[in-house]
Each structure stands twice: as C-alpha cells, then as structure tokens.
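Structure first, commentary second.
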Number of protein chains: 2
Amino acid sequence: MLLQTPTQEVSQLEANLCYAFVDSTRILILYALNEHPHNVTELTLQLGAPQSKISRHLKVLRDLGLVRTTRRGVTITYELADLRLIEALDILRGILRDGINLKANLIAEL
Amino acid sequence: MLLQTPTQEVSQLEANLCYAFVDSTRILILYALNEHPHNVTELTLQLGAPQSKISRHLKVLRDLGLVRTTRRGVTITYELADLRLIEALDILRGILRDGINLKANLIAEL
DNA sequence: CTCGTATATGCGCTTATTTGAATAATAAAG
DNA sequence: CTTTATTATTCAAATAAGCGCATATACGAG
C-alpha cells in the first residue's frame, strides 16, 4: 500500500488524528479497549486515574471517531472504532523497540 | 504481530514518539523524505515555509531518531531513519479515508 | 419526585508548543 | 581572515493542552 505524498490539508487531518496518540493515558485506553470493550469505571480502575481525567480523554478519542459508545442503562461501554489503530501503534512500538528513538529528556528515565 | 498492552513507561515513550506526527509540517517533511533525501533548502522551497521553521521541525525529528543526516560541505541532507514510519502513517491515512474521523472543528473545512 | 450510580463538563491554573524575526554557528572558497 | 551559502538557535508572544477539583447531567430504582 503505497500512498502519495499528502496535500497540506490531508497532512493537517493526519496531524489532528495523531493528536490522539501524544498522551500516554490515551494510548493505554486504546490498548485496553483493544483487549475488550470497557466502561468508564473499569478504565478508571484499570488505569488508576481520576474519573474526570478518563472521561475527558475518552471524549478526545470519541470526537476523533476512534472509539464508539454503547449505552446500557447508566453505564457507557467504549470500544475501538477501527482495529487498524492498534496496527499502527504496534508498528510504532516496533520502531521504538529497535531504535534509539528516545527523546533526550527521556534517556534518564531508563 | 500482536503486541501486549504496554506498560505505563512504554506508553509514555510511544506518546513521545507520536509527538512527531501532530504537526502537519512534520508530516509533510516525512513524506517528502520518503520520496528521496532532501537538504534543508530543498525542503524549505518544497514546503514554502520559512527556513527557521523547517530547521526546527527537523530538529524535532532528529532528536526522536526518525531522520538521519549526512553532511556534504555546507549542506546537510536528511533522510528517513526507518521506513516503517511511512507504513504507520499510511495506515492512519487509510483510517482517515474510510472513517468519519474528523474533529468537529474540521468538518467545516471540507 | 428523590436518591444513588455512572459519566461528562466548567473553571482556574500551570506547563508545553508553535511561530516569525533576528541572530548565531558552520564550512568552503577566495 | 573575510565573505558567502547553508543550517541552527534564541527570543518573546500567542495559542493550546493537561490537570484536579468541584459540579452538572443522565439514567434507573424505589
């Protein structure tokens, strides 16, 4: 699958999409949803983060169309809207694993 | 290639890597370098952006280890360090093409 | 209608990011 | 050493992101 160089507009859309991935909490949410759908409370417990934080990150993912919601009574279940997300993220992890691709400010943390 | 759910630390590294992609100029640079290596001046002309802007974005990509440089005299040629980058970006473009994955504030621009 | 659970949002604050313009650093040539 | 071409960096200002805390909304039970 060889795609052309994107136009200015497409690159902007792509950048906006990638905004989903620049936050570690959102990445953890996406991987959690990749295992199976979760509701907000479950994600809150699993990630050990305040509920408001989880909700707001879920809103980001929802606005980008990366997750879908189903309501059952008062609980809302989130699931991935497109499994290729994980495919792309896994490629990036492969790059990370092989490469020296560490931000300068992170080298200390290893 | 099925990867495990990342740890907190790995997800942070992944988020830092994805920081490369949240700027349309950096995406355009990466795709330009995917065609063939370029020096700074060439990128400046091709993207029609101020040189300082290009240089600073190149520094971001360099610090992340996503591009490599070769010096020939006074000109510095940049090339992709890992072709899988484009692979991942193309997947995301596929998601964009198929999906309704548009940020609310972007729908107007179409 | 009221209460309790589940989820979303508003506010204020702090910290990051992006940018143009100007300036510095680097290297080859004369 | 001075000049010129190329690339990198500093600066200040504007914009955007993320957070905790508190509060609001939505739904169902009783």
Side-chain angles (χ1 to χ4, degrees), chain A residues 8 11-30 32-33 37-64 66-79 103-106 109, chain B residues 8 11-30 32-33 37-64 66-79 103-106 109:
Chain A
Q8 169 67 45
S11 69
Q12 183 62 62
L13 289 174
E14 213 167 342
N16 280 344
L17 181 62
C18 289
Y19 169 69
F21 309 132
V22 290
D23 184 279
S24 64
T25 302
R26 289 197 288 268
I27 289 186
L28 290 173
I29 288 175
L30 290 173
L33 297 183
H38 286 280
N39 63 45
V40 181
T41 302
E42 288 167 350
L43 289 170
T44 297
L45 295 176
Q46 178 158 341
L47 299 190
Q51 177 262 324
S52 67
K53 183 175 173 179
I54 299 294
S55 267
R56 257 173 313 178
H57 284 304
L58 284 172
K59 175 172 173 48
V60 170
L61 298 174
R62 195 165 11 101
D63 287 349
L64 286 167
L66 301 182
V67 298
R68 263 195 304 264
T69 61
T70 313
R71 176 150 224 152
R72 260 186 232 170
V74 84
T75 75
I76 298 180
T77 298
Y78 282 77
E79 66 182 336
K103 234 181 175 174
N105 63 27
L106 275 174
E109 287 184 19
Chain B
Q8 169 66 46
S11 70
Q12 183 62 61
L13 290 174
E14 213 167 342
N16 281 342
L17 180 61
C18 290
Y19 169 70
F21 310 132
V22 290
D23 183 280
S24 63
T25 302
R26 289 197 287 270
I27 289 187
L28 289 173
I29 288 175
L30 290 173
L33 297 183
H38 285 279
N39 62 45
V40 181
T41 302
E42 288 166 349
L43 289 171
T44 297
L45 295 176
Q46 179 158 342
L47 299 191
Q51 178 263 324
S52 69
K53 183 175 175 178
I54 299 295
S55 266
R56 261 175 296 133
H57 284 303
L58 284 171
K59 176 172 172 49
V60 170
L61 298 174
R62 196 168 8 103
D63 288 349
L64 285 167
L66 302 183
V67 298
R68 264 196 304 265
T69 59
T70 314
R71 176 150 224 152
R72 259 186 233 168
V74 83
T75 75
I76 297 181
T77 298
Y78 281 78
E79 66 182 335
K103 236 182 176 173
N105 63 28
L106 275 173
E109 288 183 19

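Here is the naming used below: chain letters follow the sequence lines, and residue numbers restart at 1 for every chain.
By the 4.5 Å heavy-atom criterion applied to side chains, D23(B) and V60(B) are not counted as neighbours. Counting heavy atoms from C-beta outward, L43(A) and L28(A) have side chains that stay 4.5 Å or more apart.
Residues meeting the side chain to side chain donor-acceptor pair (under 3.5 Å) test with K59(B), sequence neighbours left out: D63(B). For Q51(A), the side chain to side chain donor-acceptor pair (under 3.5 Å) partners two or more places apart in sequence, or in a different chain, are S55(A). Here S52(B) pairs with R56(B) under the side chain to side chain donor-acceptor pair (under 3.5 Å) rule; sequence neighbours left out. Under the rule for a side chain to side chain donor-acceptor pair (under 3.5 Å), the partners of R62(A) that lie at least two apart in sequence or sit in another chain are Y78(A).
Considering only side-chain atoms of T75(B), the nucleotide from dT6(D), dT7(C), dA8(D) that sits closest is dT6(D).
Taking atom CD1 of residue I54(A) and atom C1' of nucleotide dG20(D), one finds them 14 Å apart after rounding to whole Å. Atom CD1 in I76(B) sits roughly 8 Å away from atom C1' in dT26(C) (whole-Å rounding). Atom pair L58(B):CG and dT7(D):C1' shows a separation of 10 Å (rounding to whole Å applied). Across the protein-nucleic acid pair, L47(B) atom CG and dG20(C) atom C1' stand 17 Å apart, rounded to whole Å. Distance E42(B) CD to dT6(D) C1': 12 Å, rounded to the nearest Å. Spacing between atom CD of Q12(B) and atom P of dG18(D) amounts to 11 Å, rounded to whole angstrom units. We find that CG of D63(A) is positioned 16 Å from C1' of dA16(D), with the value rounded to whole Å. Taking atom CG of residue N39(B) and atom P of nucleotide dA27(C), one finds them 16 Å apart after rounding to whole Å.
The side chain of Y78(B) contributes an N or O atom lying less than 4.0 Å from OP1 or OP2 of dA8(D). The side chain of H57(A) contributes an N or O atom lying less than 4.0 Å from OP1 or OP2 of dC19(D). An OP1 or OP2 oxygen of dA16(C) is reached within less than 4.0 angstrom by no side-chain nitrogen or oxygen of Y19(A). Remark: K53(A) is in phosphate contact with dC19(D), judged by side-chain N or O atoms under 4.0 Å from OP1 or OP2. For the pair T41(A) and dT7(C), the criterion of a side-chain N or O lying under 4.0 Å from OP1 or OP2 is met. Checking the phosphate oxygens (OP1, OP2) of dA8(D), a side-chain nitrogen or oxygen of R62(B) falls inside 4.0 Å.
The backbone N or O of G73(B) sits less than 3.5 Å from a side-chain atom of R71(B), completing a donor-acceptor pair. Remark: the backbone N or O of Y19(A) is paired with a side-chain donor or acceptor of R26(A) at under 3.5 angstrom.
If you check residues 21-29 of chain A against DNA chain D, the residues with a heavy atom closer than 4.0 Å are D23(A), R26(A), listed by number.
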Check your understanding: Could you walk me through whether L17(B) and L66(B) pass the side-chain contact (heavy atoms from CB on, under 4.5 Å) check?
Key -> CA-CA 9 Å; L17(B) 180 61; L66(B) 302 183; 3.6 Å; yes
**Study point:** side-chain contact (heavy atoms from CB on, under 4.5 Å) between V67(B) and L30(B), intermediate numbers included
**Key:** CA-CA 8 Å; V67(B) 298; L30(B) 290 173; 4.2 Å; yes
Check your understanding: What one-letter contact string describes nucleotides 22-30 of chain D from 5' to 3', where B marks a base within less than 4.0 Å of any protein heavy atom, S marks contact via sugar-phosphate atoms alone, and - marks no contact?
Key -> B---BBS--
